[in-house]
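A, B, ... follow the sequence lines: proteins, then strands. Residue 1 opens every chain.
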Amino acid sequence: MMATLVSLAIIFAQLSLLAFGGGNTILPEMQRQVVEVQHWLSAREFTDLFALAQAAPGPNMMVVTIIGWHVAGWPGVLVASLAKFGPSSIVTGLVLGLWQRFKDRPWRRVVQAGLVPITVGLVAASALLITKASVHEWSLGLITATVALVTWRTRVHPLWVLAGGALVGLSGVGQA
Amino acid sequence: MSVDISGEAVVAAVPGPTVGALFRGFLGLGLMGFGGVLPMTRHMIVEDKRWLSAAEFTDLLGLCQFLPGGNVINLSVAVGLKFRGIPGAVAALIGLIAAPSAILIGLGTLYARFADNPPVMHMLAGLAAAAAGLLISTALKMAAPLRARPVAIVFAAACFLAIAVLRLPLLPTMLVLAPLSILATWKAGE
């Protein structure tokens, strides 16, 4: 148990400091660590928990909380949350003061522009991995494609499409 | 607003939110924010509570996007720190994640109990497929502004390949690609 908690702390503290561009960028690494390295969850369970976290309110990093809970119960929730939200929050606090001072420096803009493609690549990688893990029947592929198209082209609230996907899934159409 | 001795209305500089107000504000936000909290965050902080001006909000958000961690998570820490120091930051952060954590653990309990039940499995499969679709459109929307930046497209593609196809670990990948991308962006003047 202790060893599990230590591993949780190390993994999520590292992910916390690597999460440039928000939570979705570290999904592939989180999946690699949690599923492939530690074998705490199957790829299917990881995707299910991610979907639950998307359907619940709150910022999109909440998947961390539920993984902690799944792996080690309440202590897991505490350790995973502290490790995930602590280090990046401390960095934010430390940098807040410096930020005002360097606000108008040109290098800041270059660094920001240079990090954007990395963020985009990471989010695209998350999209591919989550799609591969969740689409194992044609009907599910249809849900994914429809949701992608609709939310790409319109400003529909994400909760509606999640509810729609869950309903179509519940009907069992096209699923074994 | 208070009235001073001369009878004139004095518009006092609005005192920043208290630690309790920060906690309650972000608690409400955590409960509201389905599928992305950012638009509602701006509404709460700028229009509803008026803790920050629109310009201050944009500046602070710029910092939070630049740093590791979720944007809104970082923003809660920054706003809390700005008004009430470390207690404010802790209150805002815990406020933001408390309700979603409780709800998710409830959902997780149901998941553990009913994951083998066929209708629940079908529903979860549909939900997961929809969540994947949301991620795809997020990636498409984020990629759109790169169209006019060939160097950026190359680095986005390299990063995608390394992580999604080759399954390389994130830390070394970022340590190599991020500085190269910044350097190339600078040289190309993008």
Side-chain angles (χ1 to χ4, degrees), chain A residues 17-20 22-23 28-29 47-48 51-52 54-59 61-62 65-66 69 85 88-89 91-93 95-96 99 110-114 117-118 120-121 123-131 134-135 140 143-144 147-148 151-152 158-159 161-162 165-166 168-170 172 175, chain B residues 30-31 33-37 63 66-74 77-78 81 89 93 100-101 103-105 107-108 111 119 122-140 142-143 146 152 155-156 159-160 163-164 170-171 174 177-178 181-182 185-186 190:
Chain A
L17 293 172
L18 282 173
F20 288 94
E29 178 72 2
T47 310
D48 283 353
L52 282 182
Q54 290 294 96
M61 279 323 298
M62 299 311 301
T65 307
I66 199 169
W69 184 82
F85 299 121
S88 58
S89 298
V91 171
T92 299
V95 175
L96 192 63
W99 177 254
V110 173
V111 170
Q112 226 162 342
I118 306 298
V120 171
V123 174
S126 303
L128 181 73
L129 289 171
I130 291 291
T131 302
S134 57
V135 174
L140 298 175
I143 294 175
T144 301
V147 167
T151 53
W152 182 35
L159 196 60
V161 296
L162 289 173
V168 174
L170 182 63
Q175 292 189 60
Chain B
L31 274 170
F34 283 96
V37 219
L63 167 71
F66 174 79
L67 295 172
N71 297 337
V72 178
I73 301 274
N74 289 347
V77 171
L81 262 182
L93 176 62
S101 297
I103 290 170
L104 256 180
I105 289 165
L107 286 174
Y111 172 79
H122 286 158
M123 192 182 76
L124 269 175
L127 182 62
L134 269 180
L135 261 183
I136 293 174
S137 66
T138 302
L140 288 172
M142 289 179 70
L146 299 187
F155 278 96
C159 181
F160 176 78
I163 298 294
L170 183 60
L171 181 58
M174 292 259 299
L177 285 181
S181 176
I182 291 166
T185 302
W186 179 48
E190 277 185 356

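For chain B, the option among A/Gly172, A/Ala148, A/Gly93 with the highest count of heavy-atom pairs below 4.5 Å is A/Ala148. Your options are B/Cys159, B/Ala178, B/Gly70, and the one with the most heavy-atom pairs under 4.5 Å with chain A is B/Cys159. Among B/Leu107, B/Ile163, B/Leu81, B/Leu140, the residue making the largest number of heavy-atom pairs under 4.5 Å with chain A is B/Leu140. With respect to chain B, the highest number of heavy-atom pairs below 4.5 Å among A/Thr92, A/Leu128, A/Thr131, A/Val123 belongs to A/Thr92. Between chain B and the options A/Thr65, A/Ile118, A/Ile143, A/Ile130, heavy-atom pairs under 4.5 Å are most frequent for A/Ile118. Per-residue counts of heavy-atom pairs under 4.5 Å with chain A were compared for B/Thr185, B/Leu170, B/Leu171, B/Val77; the largest is that of B/Leu170.
Here the shortest heavy-atom pairing between A/Gly169 and B/His122 reads O-CB, 3.1 Å. For the residue pair A/Leu17 and B/Pro68, the shortest heavy atom distance occurs at O-CB, 3.3 Å. Closest approach of B/Gly108 to A/Ile66, counting heavy atoms only: CA-CD1, 4.0 Å. Counting all heavy atoms, side chain and backbone alike, B/Leu67 lies closest to A/Phe20 at C-CD2, 4.1 Å. Considering every non-hydrogen atom in both A/Ala166 and B/Met123, the closest pair reads O-CG, 3.4 Å. When all heavy atoms are compared, the tightest approach of A/Ser88 to B/Asn74 is O-OD1, 4.0 Å.
Looking at A/Leu129, only its side chain comes within 4.5 Å of chain B, counting heavy atoms on both sides. Contacts between A/Thr144 and chain B at a heavy-atom distance below 4.5 Å involve backbone atoms as well as side-chain atoms. Both the backbone and the side chain of B/Met142 come within contact range of chain A, judged by heavy atoms closer than 4.5 Å. Contacts between A/Leu140 and chain B at a heavy-atom distance below 4.5 Å involve backbone atoms as well as side-chain atoms. Neither the backbone nor the side chain of A/Val168 comes within contact range of chain B; no heavy atoms are under 4.5 Å apart. For B/Leu146, the part lying under 4.5 angstrom from a heavy atom of chain A is the side chain only.
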Side-chain donor-acceptor pairs of residues 124-139 of chain B under 3.5 Å, sequence neighbours excluded:
{"residue": "B/Ser137", "atom": "OG", "partner": "A/Thr151", "partner atom": "OG1", "Å": "2.6"}
{"residue": "B/Ser137", "atom": "OG", "partner": "B/Leu134", "partner atom": "O", "Å": "3.1"}
{"residue": "B/Thr138", "atom": "OG1", "partner": "B/Leu134", "partner atom": "O", "Å": "2.8"}

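Counting only heavy atoms from C-beta outward, the side chains of B/Leu104 and A/Trp69 never approach each other to under 4.5 Å.
Applying the side-chain hydrogen bond (donor to acceptor under 3.5 Å, both in side chains) test to B/Asn71 and every residue at least two apart in sequence or in another chain returns nothing.
Atoms OH and CG, on B/Tyr111 and A/Asp48 in that order, are 3.5 Å from each other to the nearest 0.5 Å.
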